[in-house]
Amino acid sequence: MALQKLSLEKAFMLVEPGPVLLVTTNDGRKNNIMTITWHMVLDFTPQIALTTGPWNHSFQALRDTKECVLAVPTVDLAEKAVAIGDCSGADVDKFQKFGLTPLPGLRGKAPLISECLACLECRVLDYVEPYGIFILQGTQAWMDLERRERRTFHANGDGTFRVDGETLCLRSLMEDKLPPGV
């Protein structure tokens, strides 16, 4: 048999979710950014779940303001995104430190990030405390249609990342499942 046992502590690496995201918040005094890789799409509306906890400076702003922006960095921002996740907004202005431009959104005080491919303004619908899961509802989507770099990157969970590559189109096999306009 070719399958071999894998340490259970490494099993999460087999199902790491979608692209690395930058989550912005504003606690009423200042903007902040955190890097997150543990998230998932819940439906087409879009509802999205992400998990974090009180160890992240942004956690309390998410709980108090019930809003954030999910910003999608591309591979050219990979090193900045990792470095953003390696420091605390309690100690540093991350927009300034990493040379990122906050832009106002339409729905709240959490800023968009100009340098990202896309941003999704969200409101917090729920918080599932035992698991540290925020349920978010997208309220406004933004995309830089002129941005040349569109490859996102994905955490493997061990400090390595994969970069998007070739797109495989199998739409004809599932068109009856896609919502209109997708």
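Since we're looking at a predicted model, the values are computed, not measured.
Formation of a donor-acceptor pair under 3.5 Å by the T65 side chain with backbone atoms of A61 is found in this model. Here the side chain of T35 pairs a donor or acceptor atom with the backbone of A81 at under 3.5 angstrom. Using a distance-only test at 3.5 Å, with no hydrogens or angles considered, no donor-acceptor pair links the side chain of T139 to the main chain of R123. Although no hydrogens or angles enter the test, the distance criterion places no donor-acceptor pair under 3.5 Å between the side chain of H57 and the main chain of I33. Looking at K30, its side chain never comes within 3.5 Å of a backbone N or O of D27 through a donor-acceptor pair. Although no hydrogens or angles enter the test, the distance criterion places no donor-acceptor pair under 3.5 Å between the side chain of E121 and the main chain of C68. Using modelled atom types, no side-chain atom of T74 and backbone atom of T152 make a donor-acceptor pair closer than 3.5 Å.
Using a 4.5 Å heavy-atom cutoff, the side chains of T51 and Y131 are not in contact. Counting heavy atoms from C-beta outward, T52 and M34 have side chains that approach closer than 4.5 Å. In this structure the side chain of L125 never reaches within 4.5 angstrom of the side chain of L136, judged on heavy atoms. By the 4.5 Å heavy-atom criterion applied to side chains, L42 and I135 are counted as neighbours.
One side chain, H154 or D164, offers a donor N or O that lies under 3.5 Å from an acceptor on the other. A donor and an acceptor atom, one from each side chain of E115 and T101, are located under 3.5 Å apart.
Of all non-hydrogen atoms in F153 and A78, the two that sit nearest each other are CZ-CA, 3.4 Å. Annotation for I84 and F98: closest pair CG1-CD1, 3.4 Å, computed over non-hydrogen atoms. Closest heavy-atom contact between V20 and P73: O-CD, 3.3 Å.
F59 and Y127 have perpendicular rings, their planes meeting at more than 60° on a 0 to 90° scale where under 30° would count as parallel.
Sequence neighbours left out, not one pair with a member in residues 85-97 passes side-chain hydrogen bond (donor to acceptor under 3.5 Å, both in side chains). Legend: salt bridge (charged side-chain N to carboxylate O under 4.0 Å, His left out) pairs involving residues 133-161, not counting sequence neighbours, sorted by first then second residue: D76-R147, E149-R151.
By the 6.0 Å contact criterion, CD on E175 is enclosed, its count of non-hydrogen atoms from other residues, nucleotides or ligands being greater than 12.
Of the inter-residue distances, the one linking D126 atom CG with Q47 atom CD reads 10.0 Å to the nearest 0.5 angstrom. D43 CG to I48 CD1: the interatomic distance, rounded to the nearest 0.5 Å, is 9.0 Å. Note: L117 CG to M143 CE = 4.0 Å, rounded to the nearest 0.5 Å. Distance CG/N156 to CZ/F161: 8.0 Å, rounded to 0.5 Å.
The side chain to side chain donor-acceptor pair (under 3.5 Å) search around R171 returns none, not counting sequence neighbours.
Put simply, V124 and L50 are part of the same group of oily side chains (I, L, V, M, F, W, Y) that touch within less than 4.5 Å, one to the next.
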